[in-house]
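First comes the structure, then the notes that go with it.
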Amino acid sequence: MSHKPNNPKEKKEAPQQEEAVLDDVQEAFDEQNSVEDEENDIINKQLSDIDALNKQLQDAEEKLAKEKKEYLFLMAEFDNFRKRTVKEKSEIIKNAAENVFKGLLPIVDDFERGLEASAKCDDAASVRQGMELIYQKLVKFLAANGVKPIESNGKPFDEEYHEAIAMVPVTDESQKGIVIDTPSKGYTINDKVLRHAKVAVGQ
């Protein structure tokens, strides 16, 4: 059976079919564009996230570099402070020793004058009096520099201040544990033991 191209019904259906095809093509095109837009949005978001992360990384690196610089500066300052403190402490000790020796020189002068005078003097009492004056001057100088004698005789034995070198038998019970004699005086400097007193203790 042969086809008749001039059939009016077929002519009417052709445009409708073409429109349907065009609609399908347009819909497919729109879907493709929609997918591409979604993909572009995802890519743009990922790029934006990457940019944000890069910015955070850059900020963190700059902050780290700044803090490292500040740390190195503080370490250098601390090292300078330490060196300066050690130097100042050394100077203080040196100056303190110089001041002590300088203060002793007048007493040495007094001893020399006393020795010279005693060679020409037969009066033992006046010689003794001169020695006592020099001794009192020396004791006063030591006290001015924080050096004081430790009280021992008649005091209870205290190992913090006393060193027992002998035990002395006593008949009085109240004398047991008491310092009876001090062969060698002890001294403190600024309330710290400079030398323990060597003592004999009752037992």
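FYI, side chains are in, hydrogens and waters are out, and symmetry mates aren't considered; it's all heavy atoms of this structure.
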Residues in side chain to side chain donor-acceptor pair (under 3.5 Å) with [X], at least two apart?
X      : result
Lys45  : Asp49
Ser174 : Asp172
Arg84  : none
Lys55  : Asp59

Q: Can you tell me which residue pairs pass the side chain to side chain donor-acceptor pair (under 3.5 Å) test with a partner in residues 126-135, sequence neighbours excluded?
A: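 Output for this query lists Arg128-Glu132.
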Who are the side chain to side chain contact (heavy atoms under 4.5 Å, CB included) partners of [X], not counting sequence neighbours?
X      : value
Asn95  : Glu91, Glu98
Asp41  : none
Ile107 : Leu104, Phe111, Ile134, Lys137, Leu138, Phe141
Glu112 : Val108, Asp109

For residues 64-80, tabulate all N or O donor-acceptor pairs below 3.5 Å that involve a side-chain atom, not counting sequence neighbours.
unit_1, atom_1, unit_2, atom_2, d
Asp79, OD1, Arg82, NH2, 2.8
Asp79, OD2, Lys83, NZ, 3.3
Asn80, ND2, Ala76, O, 3.2

Q. Any salt bridge (charged side-chain N to carboxylate O under 4.0 Å, His left out) pairs touching residues 178-197, not counting sequence neighbours?
A.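 Passing the test, one end in residues 178-197: no pairs.
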Give every donor-acceptor pair under 3.5 Å between a side-chain atom in residues 151-169 and any protein atom, sequence neighbours left out.
unit_1, atom_1, unit_2, atom_2, d
Ser152, OG, Ile150, O, 3.4
Asn153, OD1, Thr182, N, 3.2
Asn153, OD1, Thr182, OG1, 2.6
Asp158, OD1, Glu160, N, 3.0
His162, ND1, Asp158, N, 3.0
Glu163, OE1, Lys198, NZ, 3.3

